[in-house]
Amino acid sequence: MQKPSIPQGTRDFGPAQVARRQHIFNVIRRTFEQFGYAPLETPTLENLSVLTGKYGDEGDQLLFKVLNSGNFLQNERRGVITPNVTAEDLDAGPKVVLPKIAEKGLRYDLTVPFARYVAMNRGTLTFPFRRYQMQPVWRADRPQRGRYREFYQCDADVVGTDSLLCEAEIVLMMAQVLNGLGLHDFTIKINHRGVLRNIFQALGGAGNENDLFVAIDKLDKIGREGVSKELLEKGFAASVIDTLFELLGVEGDYAEKLQRLLAGFATAGVESDHDRGYRGLAELADVHDLLVASGFRQFERLEFDPALARGLSYYTGCIFEVKINNVAMGSVSGGGRYDNLTGAFGLPGVSGVGFSFGVDRLYDCLESLDLFTETAETPTRCLLTHFDKESGLAALPLLAQLRAANIPSELYPDASKLQKQFKYADAKGIPLVLILGPEELAAGVVKIKILKTGEEKVLPIGEVVSALTV
RNA sequence: GUAGAUAUAGCUCAGCUGGUUAGAGCGUCGGAUUGUGAUUCCGAAGGUCGUGGGUUCGAGCCCCAUUAUUUACCCCA
């Protein structure tokens, strides 16, 4: 006998967990639809040519690849793995061999499949196109806290418009979902790739731009010392690093930080790239104004953080990231604007903006903050007891009526001891037990016990359904 | 890919410097006037101590290997 197991980084979800997860999905779906986003689903498997090269070298390594069908060892004795793979290929290593034996891979995120969909359906879509998508994705990552190999993302994106109203609406949706889940203590961080570029320019343009962004993104995690150390190792001068922290350390509220960075960029001689100075700062100011006009009230939860960078390189405009405070958990949501997402699929110039919720992390946050209220083990509301064959049969019409009245109900399938049937109802959290035994049958009544209070009522059999539908 | 930790009953874990038949709680099953749960009492079942070697008179405990799990880093939801 083998010991059963599931693959690393995957989980089973029992009835109570599924119920909780459905609650999260429902809050997110309702919000997305309120904002006019329409659902989309794409295949679990994508062609690897669609996926590779979109997430950087690290991302490519994290793709789950699916072996082609067929018997690869069939021709082994002749030194041939498949008709496509030669001995030279084998010598060249996995980078050459893998694309020949694995043409498909598991979806790594929802944005790239969406871009592929937009490119493939460009002729039939009406732009601006808003879609949401809630599906699992797979990454061959090392699992750890808040990180799984199979997890759900809930994305909402709009493509075909440059309007900053979309950015503002992302903030509104983020806040609505988190408030709806009861996760009130959150921080939405916002920044702009243009601001990061201006910071790089303010430092005199020395060093590697990406190294800089990767390092400062960790500021709140490893602190100034950690960032300094990393930048020194990457060849940035100490004086440059001082200038960097002057810019990143701007204080004040959202508008004040924008003002101070504007002054800082001007002092550093950064060239203007916008009719109002700098594109990044100007757009961030516009997003703020649009939020005010939209009636957004939680500005204390919205933080302009010039150190926010985010990894995925396709972002070009505003970028977002959401953290739940007082929980040791990475970001639960993130996103941003990209100017050319579909370019790789032969459709250049389509800009868009979108964001994503990580359901599994939201779940973990809710759990560690003890914010789940319902722990229903079963949807069943009524358990009908089963005494003997006769009373069991007599219960079936009532069972059918209860179900027809939309009251989830079940008859205990065996004529076990009543004690056992009650224990079953209690263990599953079924609130009502309907006792329909020989005594009740003879009198034409049903005894109803409310388990929580222990209270019992006797009702004529014909009045049960109407009494319970109240 | 790098570094650390853990592996004992269905679950969560004890098990002293190596020493006879490996324990607890929870759960499961049975019973306490055979038509009443969650509380209480009694009882039972259930483990070749992850796997394979080694040291020793003797290994759950020490050593090596291996596999799995987990935490941190990289990166990310």
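First the proteins, then the strands, lettered A, B, ... as listed; each starts at 1.
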Colleague: Considering only atom P, compute the distance from A72(B) to U20(B) and round it to an integer number of Å.
Modeller: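 So the two P atoms sit 40 Å from each other.
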Colleague: Counting distance alone, no hydrogens or angles: does the base of U69(B) have a donor or acceptor under 3.5 Å from a partner atom on the side chain of Gln8(A)?
Modeller: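 Under the 3.5 Å cut-off, the side chain and the base do not form any donor-acceptor pair.
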Colleague: Quick one: which of U36(B), G35(B), A77(B) gets closest to the side chain of Arg361(A)?
Modeller: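 Output: A77(B).
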Colleague: Does OP1 or OP2 of A77(B) have a side-chain N or O of Arg310(A) closer than 4.0 Å?
Modeller: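 For Arg310(A), the contact criterion (side-chain N or O under 4.0 Å from OP1 or OP2 of A77(B)) is met.
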Colleague: Could you work out which one of A72(B), G37(B), A77(B) sits closest to the side chain of Gln419(A)?
Modeller: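 Nucleotide nearest to Gln419(A)'s side chain: G37(B).
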Colleague: Distance check, C1' atoms only: G60(B) and G19(B), in whole angstrom units.
Modeller: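 Roughly 13 Å separates the two C1' atoms.
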Colleague: Quick one: is C74(B) close enough that its OP1 or OP2 comes under 4.0 Å of any side-chain N or O from Lys218(A)?
Modeller: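 Yes.
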Colleague: With a 4.0 Å limit, can you tell me whether Lys417(A) has a side-chain N or O closer than that to the phosphate oxygens OP1/OP2 of G30(B)?
Modeller: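 No.
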Colleague: Pick from Lys54(A), Arg107(A), Arg116(A), Lys104(A): which one makes a salt bridge (Lys or Arg N to Asp or Glu O under 4.0 Å) with Glu46(A)?
Modeller: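 Answer to the salt bridge (Lys or Arg N to Asp or Glu O under 4.0 Å) test with Glu46(A) among Lys54(A), Arg107(A), Arg116(A), Lys104(A): Arg116(A).
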Colleague: Donor-acceptor pair, distance only, cut-off 3.5 Å: does the side chain of Asn208(A) make one with the backbone of Asn210(A)?
Modeller: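 Yes; at least one donor-acceptor contact below 3.5 Å.
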Colleague: When the C1' atoms of U34(B) and U69(B) are compared, how many Å lie between them, rounded to an integer?
Modeller: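 Looking at atom C1' only, U69(B) and U34(B) are 48 Å apart.
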Colleague: For C63(B) and A7(B), measure between their P atoms and round to the nearest Å.
Modeller: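 Each nucleotide's P atom is 13 Å from the other's.
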Colleague: For the pair Arg130(A) and Asp157(A), find out whether any cationic side-chain nitrogen is under 4.0 Å from an anionic carboxylate oxygen.
Modeller: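 A salt bridge is absent here (no side-chain N lies under 4.0 Å from a carboxylate O).
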Colleague: Does Lys420(A) come within less than 4.0 Å of Asp414(A), counting only side-chain N to carboxylate O?
Modeller: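 No, this pair does not count.
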Colleague: Does a nitrogen or oxygen in the side chain of Lys420(A) sit under 4.0 Å from OP1 or OP2 of U36(B)?
Modeller: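 No, Lys420(A) has no side-chain N/O under 4.0 Å of OP1/OP2 on U36(B).
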Colleague: Which string of ( ) [ ] | and . matches RNA chain B, if you list each base 5' to 3' and count Watson-Crick or G-U pairs only when both distances are under 3.5 Å?
Modeller: (((((((..((((.....[...)))).(((((.......))))).....(((((..]....))))))))))))....
Colleague: Could you check whether Phe151(A) and the base of A77(B) form a stacked pair, meaning centres closer than 5.5 Å and planes differing by less than 30°?
Modeller: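 Stacked: ring centres under 5.5 Å, planes under 30°.
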Colleague: If you pin Arg142(A) and Lys423(A) to their nearest nucleotides in RNA chain B, which one's is more 5'?
Modeller: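 Going by which nucleotide is closer to the 5' end, it is Arg142(A).
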Colleague: Which pairs would a plain distance check flag for residues 28-40 of chain A, meaning a side-chain donor or acceptor within less than 3.5 Å of a matching protein atom at least two apart in sequence or in another chain?
Modeller:
| unit_1 | atom_1 | unit_2 | atom_2 | d |
| --- | --- | --- | --- | --- |
| Arg29(A) | NH1 | Asn26(A) | OD1 | 3.2 |
| Thr31(A) | OG1 | Val27(A) | O | 2.9 |
| Thr31(A) | OG1 | Gln176(A) | NE2 | 3.4 |
| Glu33(A) | OE2 | Tyr132(A) | OH | 2.5 |
| Gln34(A) | OE1 | Gln176(A) | NE2 | 2.7 |

Colleague: Could you tell me the separation between the CG atom of Leu63(A) and the P atom of G1(B), rounded to a whole number of Å?
Modeller: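 Atom-to-atom, Leu63(A) to G1(B), this comes out as 16 Å.
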Colleague: So if I take residues 317-335 of chain A and measure heavy-atom distances to RNA chain B, which residues fall below 4.0 Å?
Modeller: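 Heavy-atom contacts with RNA chain B come from Ser331(A), Val332(A), Ser333(A).
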